[in-house]
*Asks:* 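Dropping a structure here in structure tokens format, bear with me for questions.
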Amino acid sequence: MANLTSVKISLKLPFIGGVEGTWEPDERERNASWEMYVELVTRISVTELKPGEGLLREALSSIYSLFSTTREILRQYGPSVAQPKGDGKLSFGYLAVTILNVALRPVLAKWHPLLLDYESTKEPSLSPVNHESTWDRSGELRQALNDVRSVLIEFADYLAQVANVPSLIISEFHEK
């Protein structure tokens, strides 16, 4: 497969409507895209957390860890991955930071404290799984996680294109 010289981006994002434009990645951005892609496809972030599966706390923590991972990738590849190239208006840096600040941060800012408050009411005899299952807001949080998941899958698909790899996301809901 030949490296793409440009990718048309049309990401739907909450609050701002979305990001559209052309991304003309260079070799550093392709490598950064691969690293970010690996992080995304190996987390719960692109896998549906079905009712009765997993822990909500673990899912939030996994999403939260994307902040430090993204910072590390941005530092490793340097300022060039934040500079648009050619006629394109987008860059790896711009897209990665937009995902963090627009798609992930609002969800974490709302749900981390709410879940923490609920967790503080856990009786010592209850397991975390049983305690979470009785939370009246667990369905809402699972929906918020699924909403974020759809954005992250879309972002991951663009990263895969730039990294020149086939999709590694395995899900009955993922069609690429």
*Asks:* Within a radius of less than 6.0 Å around CD of E72, do more than 12 heavy atoms belonging to other residues, nucleotides or ligands occur?
*Replies:*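 No, CD of E72 has 12 or fewer neighbouring heavy atoms, counting only those of other groups under 6.0 Å.
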*Asks:* Should L115 and L126 be regarded as members of a common hydrophobic cluster, given that ILVMFWY residues are connected when their side-chain heavy atoms come within less than 4.5 Å of each other, either directly or indirectly?
*Replies:*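 Per the 4.5 Å side-chain linkage, L115 and L126 are not co-clustered.
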*Asks:* Using only heavy-atom distances, determine whether the side chains of Q143 and D147 contain a donor-acceptor pair under 3.5 Å.
*Replies:*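 Result is yes, a qualifying pair exists.
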*Asks:* State, yes or no, whether a side-chain contact exists between L95 and L159 at a heavy-atom distance under 4.5 Å.
*Replies:*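 Side-chain contact under 4.5 Å: no.
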*Asks:* Can you check whether N31 reaches R28 side chain to side chain, under 4.5 Å on heavy atoms?
*Replies:*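 No, side chains not in contact.
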*Asks:* What pairs with E154 under side chain to side chain contact (heavy atoms under 4.5 Å, CB included), at least two apart in sequence or on another chain?
*Replies:* L11, K12, Y158
*Asks:* Please determine whether residues V129 and L141 belong to a single hydrophobic cluster, defined as Ile, Leu, Val, Met, Phe, Trp and Tyr linked transitively by side-chain heavy-atom distances below 4.5 Å.
*Replies:*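 No, it is not one cluster - the side chains of V129 and L141 are not joined through contacts under 4.5 Å.
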*Asks:* Could you report the tightest heavy-atom contact between A103 and V148, atom names first, then the distance?
*Replies:*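 Heavy-atom minimum between the residues: O-CG2, 3.7 Å.
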*Asks:* Does a side-chain heavy-atom distance below 4.5 Å link T22 with D87?
*Replies:* no
*Asks:* If you count the non-hydrogen atoms of other residues, nucleotides and ligands that lie under 6.0 Å from CG in D117, is the total more than 12?
*Replies:* yes
*Asks:* Nearest 0.5 Å, what's the OH-CG distance between Y118 and D136?
*Replies:*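 Rounded to the nearest 0.5 Å, the OH-CG separation comes out at 7.5 Å.
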*Asks:* Looking at Y64, I'd like to know if its OH atom is crowded, meaning that more than 12 non-hydrogen atoms belonging to other residues, nucleotides or ligands lie closer than 6.0 Å.
*Replies:* no
*Asks:* Rounded to the nearest 0.5 Å, what's the gap from CG on L40 to OG on S62? Could you check?
*Replies:*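 Here the interatomic distance stands at 9.5 Å.
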*Asks:* If you look at every heavy atom in E20 and L90, which pair is closest and at what distance?
*Replies:*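 Closest approach of E20 to L90: C-CD1, 4.2 Å.
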*Asks:* side-chain contact (heavy atoms from CB on, under 4.5 Å) for L74 and V97? Distances and angles first, verdict last.
*Replies:* CA-CA 9 Å; L74 289 170; V97 170; 3.8 Å; yes
*Asks:* Measuring from atom CZ of R57 to atom NE2 of H131, what distance do you get when rounded to the nearest 0.5 angstrom?
*Replies:*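 Result: 11.0 Å between the selected atoms.
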*Asks:* Side chains of S33 and Y77: any donor to acceptor distance under 3.5 Å?
*Replies:*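 Distance-only check fails for Y77 and S33.
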*Asks:* Can you confirm whether Q76 sits close enough to R71 that some side-chain heavy atom of one is under 4.5 Å from a side-chain heavy atom of the other?
*Replies:* no
*Asks:* Please report the interatomic distance OG1(T70) to CD1(I99), rounded to the nearest 0.5 Å.
*Replies:* 9.5 Å
*Asks:* Might you point out which heavy atoms bring S91 and A82 nearest each other, and give the distance in Å?
*Replies:*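 For S91 versus A82, the nearest heavy atoms are OG-O, 3.1 Å.
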*Asks:* Indicate yes or no: at least one non-hydrogen side-chain atom of P25 is less than 4.5 angstrom from one of R30.
*Replies:* yes
*Asks:* Any side-chain to backbone donor/acceptor pair from E29 onto D26? Under 3.5 Å, distance only.
*Replies:*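 Side chain of E29 to backbone of D26, a donor-acceptor pair under 3.5 Å: yes, one is there.
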*Asks:* Could you give the distance from NZ (K89) to OH (Y94), rounded to the nearest 0.5 Å?
*Replies:* 12.5 Å
*Asks:* Where do V46 and R149 come nearest, in terms of heavy atoms and distance?
*Replies:* O-NE, 3.7 Å
*Asks:* Taking atom types as modelled and ignoring hydrogens, do the side chains of S6 and E24 form a donor-acceptor contact shorter than 3.5 angstrom?
*Replies:*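 No, no side-chain donor-acceptor pair sits under 3.5 Å.
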*Asks:* Would you say R43 and T69 make side-chain contact, with heavy atoms under 4.5 Å?
*Replies:*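 Answer yes - side chains close enough.
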*Asks:* Applying side-chain contact (heavy atoms from CB on, under 4.5 Å) to L152 and L66, what does each step give before you reach the verdict?
*Replies:* CA-CA 11 Å; L152 291 176; L66 289 172; 4.3 Å; yes
*Asks:* Can you find a pair of side-chain heavy atoms, one from L168 and one from T42, that are under 4.5 Å apart?
*Replies:* no
*Asks:* State yes or no: do L145 and L116 share one hydrophobic cluster built from I, L, V, M, F, W and Y residues joined by side-chain heavy-atom distances below 4.5 Å, directly or via other members?
*Replies:*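 Different clusters: L145 never reaches L116 through Ile, Leu, Val, Met, Phe, Trp or Tyr contacts under 4.5 Å.
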*Asks:* Are the side chain of Y37 and the backbone of V162 linked by a donor-acceptor contact shorter than 3.5 Å?
*Replies:* no
*Asks:* Take atom NZ of K8 as the centre, draw a 6.0 Å sphere, and report whether it contains more than 12 heavy atoms from other residues, nucleotides or ligands.
*Replies:* no
*Asks:* Please work out which of the three classes, parallel, tilted or perpendicular, describes the rings of W111 and W135, given edges at 30° and 60°.
*Replies:* perpendicular
*Asks:* Using a 4.5 Å cut-off on heavy atoms from C-beta on, say whether the side chain of L55 contacts that of E132.
*Replies:* yes
*Asks:* Could you measure the distance from the CH2 atom of W34 to the CG atom of N164? Nearest 0.5 Å is fine.
*Replies:*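 The CG atom of N164 is 11.0 Å from CH2 of W34, to the nearest 0.5 Å.
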